Student: 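The following block contains the structure, expressed as structure tokens.
Along the sequence shown, residues carry numbers from 1. Numbering of ligands and ligand atoms starts at 1, following listing order. Quick note: numbers below take in every heavy atom, side chains included, and nothing from hydrogens, waters or symmetry partners. Source: prediction; values computed, not measured.
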Amino acid sequence: MRIASFDVDHLRLKSGLYVSRKDLVGSEVVTTFDLRMKRPYREDVMDTGSIHALEHICAAYMRNDPLWGDKIIYFGPMGCRTGFYLVVAGDLESEDILPLVERTFDFAGDFEGEIPGATPLECGYCVDMDLEGAKADATLYYNLLISAKKENFNYPKKRQRKSAPKSDKA
Ligand SMILES: [Zn+2]
């Protein structure tokens, strides 16, 4: 197993779908993906209403997916509002999860109707939801994924100083 403790350079980072870490939980590997929807410092971050609506729509979709639903441990927004974290059971790469993420954001981009869990009983601040913004952000990310290149799946690492120990080698 590769332990990905990447030293990511966010100034060189593009939007994409990245493995940010892998953790051993008992004898099982758990993979954390960064769904980086906005390019840091080059694009506006998502509005809170958009990212919040996407959190509800995408989490509900992924947890109900017949192939992946029971492997989804967590899906939630990055505090910087440039994307989402997706935590999945298994030792996985971006290519493994790409079809699910494409399906999810395709679904979210065309979503109509009641946002799942958007009631005061189920959510801490359900008035902050922007469905139109969510659909626009989902569509942008879907379009990026379907035309993604290698660089959208591999994090750019900071240049290491020669004296620095190479601790990221498995
Ligand atoms: Zn909520």
Student: Checking salt bridge (Lys or Arg N to Asp or Glu O under 4.0 Å) for the pair D44/K38: CA distance, chi angles, key distance, verdict?
Tutor: CA-CA 7 Å; D44 290 338; K38 304 295 180 183; over 6 Å; no
Student: Working note: K71 + E28, criterion salt bridge (Lys or Arg N to Asp or Glu O under 4.0 Å); need CA distance, chi angles, decisive distance, verdict.
Tutor: CA-CA 12 Å; K71 296 187 169 60; E28 302 291 324; over 6 Å; no
Student: Can you name the nearest heavy-atom pair linking A108 to C58, along with the distance?
Tutor: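 Heavy atoms only, the tightest pair is CB-SG, 4.1 Å.
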Student: Going by heavy atoms in the side chains, are L98 and L145 under 4.5 Å from each other?
Tutor: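 Contact flag for L98/L145 side chains = yes.
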Student: Restricting to under 2.8 Å, identify the protein N, O or S atoms around the Zn ion (ligand 1) as residue plus atom.
Tutor: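 Atoms qualifying: H52 NE2, H56 NE2, C123 SG.
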Student: Given D65 and R63, is the salt bridge (Lys or Arg N to Asp or Glu O under 4.0 Å) satisfied, shown in steps?
Tutor: CA-CA 6 Å; D65 187 80; R63 291 191 184 284; over 6 Å; no
Student: Check the orientation of F84 and F75. Use parallel for under 30°, tilted for 30 to 60°, and perpendicular for over 60°.
Tutor: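 Because their plane-to-plane angle is under 30°, the rings of F84 and F75 count as parallel.
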